[in-house]
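Atom set for the values below is all heavy atoms of this structure, side chains included, hydrogens, waters and symmetry mates excluded. In what follows, chains are A, B, ... by sequence order, proteins preceding strands, each numbered from 1. Just so you know, these numbers come straight off a predicted model, no measurement behind them.
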Amino acid sequence: MIQPQTLLNVADNSGARELMCIRIIGAGNRRYAHIGDVIVAVIKEAVPNMPLERSEIIRAVIVRTCKELKRDNGMIIRYDDNAAVVIDQGGNPKGTRVFGAIARELRQLNFTKIVSLAPEVL
Amino acid sequence: MRLEKCWFCSSTIYPGHGIQFVRNDAKIFRFCRSKCHKNFKMKRNPRKVKWTKAYRRLHGKDMTQDSTFEFERKRNRPERYDRNVTEMTLKAIKKIDKIRVTREAQHHKMRMRGKKAIEQEAAIKELENSINLVKAPAALQQGSEITLPKIKVKVSQSQAVGERMEE
């Protein structure tokens, strides 16, 4: 349940540390974004000396939410934090590594590169 | 499909039930219902919460070591499907469950032995102390037994029948 003003952790090594959601892509007046949705975000905190800097506007895909994710087989999964991976316009991750567990739903949404980089897909 | 165990209370989680919580170090905690989930969020230790299996095993209330538990250990090697093996396994599961239940009942029985004697003694002591609630002091002076005397009352046949009719 990510909405504008939500702070998200960054789950890759692209250089950003914390993002603030500004807008949900592909949704007219939709209120919340869930795992697998692309959002427009502004970088609130960045690692120094990296290509991405503070207050840059980038796109990211949400990979973990504290709000439960419901699956068709009845399984309900909840993560410990809200996290996103910075991507470019084509949907490819900007970083080279991904940290933490990633939800399996991203594979169906054609984020295969992120899924392949993930240490754990749950 | 896999039947998991609840992290908090150790009961089986059937498909479609409960919530799985994935911590940031990728450890999965499965809960059978919101009661266990909420207790976990309160940071309660299942070994200290009386109704969980962890507590019961730790405090010797339930059977801890038994050969029937070996059958339920998690094996990570997938077995090739063999119809005979499946058939035998299903039969074995039933039998093993039955054996485990009887052994647990035996364990409970051994744990509770001697309870009747203790209860009897406590009851006798209580009767001795509070006989005044049961028998009047005058009656006590006549006979100081703590048992009530058996009195035979003669009831005539017609009277008994009449009472039943009234009811």
same_hphob_cluster([X], [Y]) at 4.5 Å side-chain heavy-atom cutoff:
X: B:F21; Y: A:V63; answer: no
X: A:V86; Y: A:I43; answer: yes
X: B:F29; Y: A:Y79; answer: no
X: A:L117; Y: A:I87; answer: yes

Quiz item: Can you pull the side chain to side chain donor-acceptor pair (under 3.5 Å) pairs that have at least one residue in residues 93-112 of chain A, sequence neighbours excluded?
Solution: A:N13-A:T96, A:R71-A:E105
Quiz item: Where does B:I28 contact chain A at under 4.5 Å (heavy atoms): side chain, backbone, both or neither?
Solution: side chain
Quiz item: Taking all atoms of both residues into account, what is the closest heavy-atom pair of B:A26 and A:L122, and its distance?
Solution: O-CD1, 4.4 Å
Practice problem: Any chance you could measure B:R30, atom CZ, to A:I76, atom CD1, to the nearest 0.5 Å? | Solution: 13.5 Å
Quiz item: What do the steps show when you test B:N24 against A:D81 for side chain to side chain contact (heavy atoms under 4.5 Å, CB included), and what is the final call?
Solution: CA-CA 8 Å; B:N24 277 337; A:D81 63 345; 3.3 Å; yes
Exercise. Before giving the answer on side chain to side chain contact (heavy atoms under 4.5 Å, CB included), spell out for B:Q20 and A:R78 the whole-Å C-alpha distance, their side-chain angles and the decisive distance to 0.1 Å.
Key: CA-CA 6 Å; B:Q20 295 185 14; A:R78 197 180 88 89; over 6 Å; no
